[in-house]
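Values reported hereafter were calculated over all heavy atoms of this structure, with side chains retained and with hydrogens, waters and symmetry mates removed. All of these numbers come straight from a predicted model, not from anything done at the bench.
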Amino acid sequence: MRWPSYGPVSGERPPPHATAYGKVLLTAPPERPTRRTRHTVVSPGVLAGQLARIRASGLAVCAEESRLGEVTVAAAPVRGPEGTLAALGVTVATGVPLDRVTAAGRVQPPRRSPSPSP
């Protein structure tokens, strides 16, 4: 006799609205943005505008929003079958020419050629 499998399957990421665990987490009130430096964006409208531009360009830049003297460029979303799983980025000191850093982040990985049919 084979017992049914319960619980998450390794690597599976069901949407929060389709699990009891996720529904509990969705009931938590959204976290209010807190200011870490004078440059931190805390306005919901400004943040929404930034997120729209990031979706369009695939590039996020945070200049001294988390720590003074630090600029982070998240240059490469890591995507899986169900969307973005993580982001790879680089953090540089304030004063490093950002055009050089962002240009490196826009380099596209080579396309994989289709696997030959057996």
Side-chain angles (χ1 to χ4, degrees):
M1 180 167 147
R2 187 164 186 246
W3 292 96
S5 174
Y6 295 103
V9 175
S10 178
E12 180 184 39
R13 221 176 120 181
H17 67 276
T19 68
Y21 307 106
K23 288 179 182 181
V24 167
L25 297 174
L26 288 173
T27 65
E31 191 175 309
R32 289 180 49 147
T34 56
R35 189 171 301 283
R36 294 189 53 128
T37 74
R38 67 182 182 274
H39 304 289
T40 306
V41 173
V42 293
S43 163
V46 173
L47 183 58
Q50 285 183 342
L51 295 177
R53 286 188 297 280
I54 292 164
R55 274 188 217 97
S57 71
L59 182 69
V61 176
C62 288
E64 297 188 301
E65 290 185 51
S66 184
R67 188 178 305 161
L68 293 176
E70 185 176 279
V71 177
T72 301
V73 180
V78 178
R79 300 194 201 294
E82 296 183 21
T84 302
L85 303 173
L88 297 176
V90 63
T91 300
V92 297
T94 302
V96 171
L98 286 184
D99 57 338
R100 292 182 63 195
V101 178
T102 56
R106 293 182 193 278
V107 174
Q108 296 294 315
R111 292 184 179 259
R112 290 186 184 180
S113 57
S115 301
S117 301

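The SG atom of C62 sits 11.5 Å away from the CZ atom of R36 when rounded to the nearest 0.5 Å. Taken to the nearest 0.5 Å, the NE2 atom of H17 stands 14.0 Å off from the CG atom of L25.
When all heavy atoms are compared, the tightest approach of T27 to V24 is OG1-O, 2.5 Å. Closest approach of G58 to P77, counting heavy atoms only: O-CD, 4.2 Å. Nearest heavy-atom pair, T19 versus G22, reported as atom, atom and distance to 0.1 Å: OG1-N, 2.8 Å. Minimum heavy-atom separation, T84 to R79: OG1-NH1, 2.8 Å. Counting all heavy atoms, side chain and backbone alike, I54 lies closest to A60 at CD1-CB, 3.6 Å.
Take R67 and apply the salt bridge (charged side-chain N to carboxylate O under 4.0 Å, His left out) test, not counting sequence neighbours, and it matches E70. Scanning for salt bridge (charged side-chain N to carboxylate O under 4.0 Å, His left out) contacts around E64 gives an empty result, with sequence neighbours left out.
Looking at T40, its side chain does come within 3.5 Å of a backbone N or O of E65 through a donor-acceptor pair.
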* Take V90 and T72 through the side chain to side chain contact (heavy atoms under 4.5 Å, CB included) test and state the conclusion after the steps. => CA-CA 6 Å; V90 63; T72 301; over 6 Å; no
* Do V42 and T34 pass the side chain to side chain contact (heavy atoms under 4.5 Å, CB included) test, and can you show the C-alpha distance, the side-chain angles, and the key distance before you say yes or no? -> CA-CA 6 Å; V42 293; T34 56; 5.8 Å; no
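More than 12 heavy atoms of other residues, nucleotides or ligands shown are found within 6.0 angstrom of CZ on R35.
A continuous path of ILVMFWY side-chain contacts below 4.5 Å connects L59 to V92, so both sit in one hydrophobic cluster.
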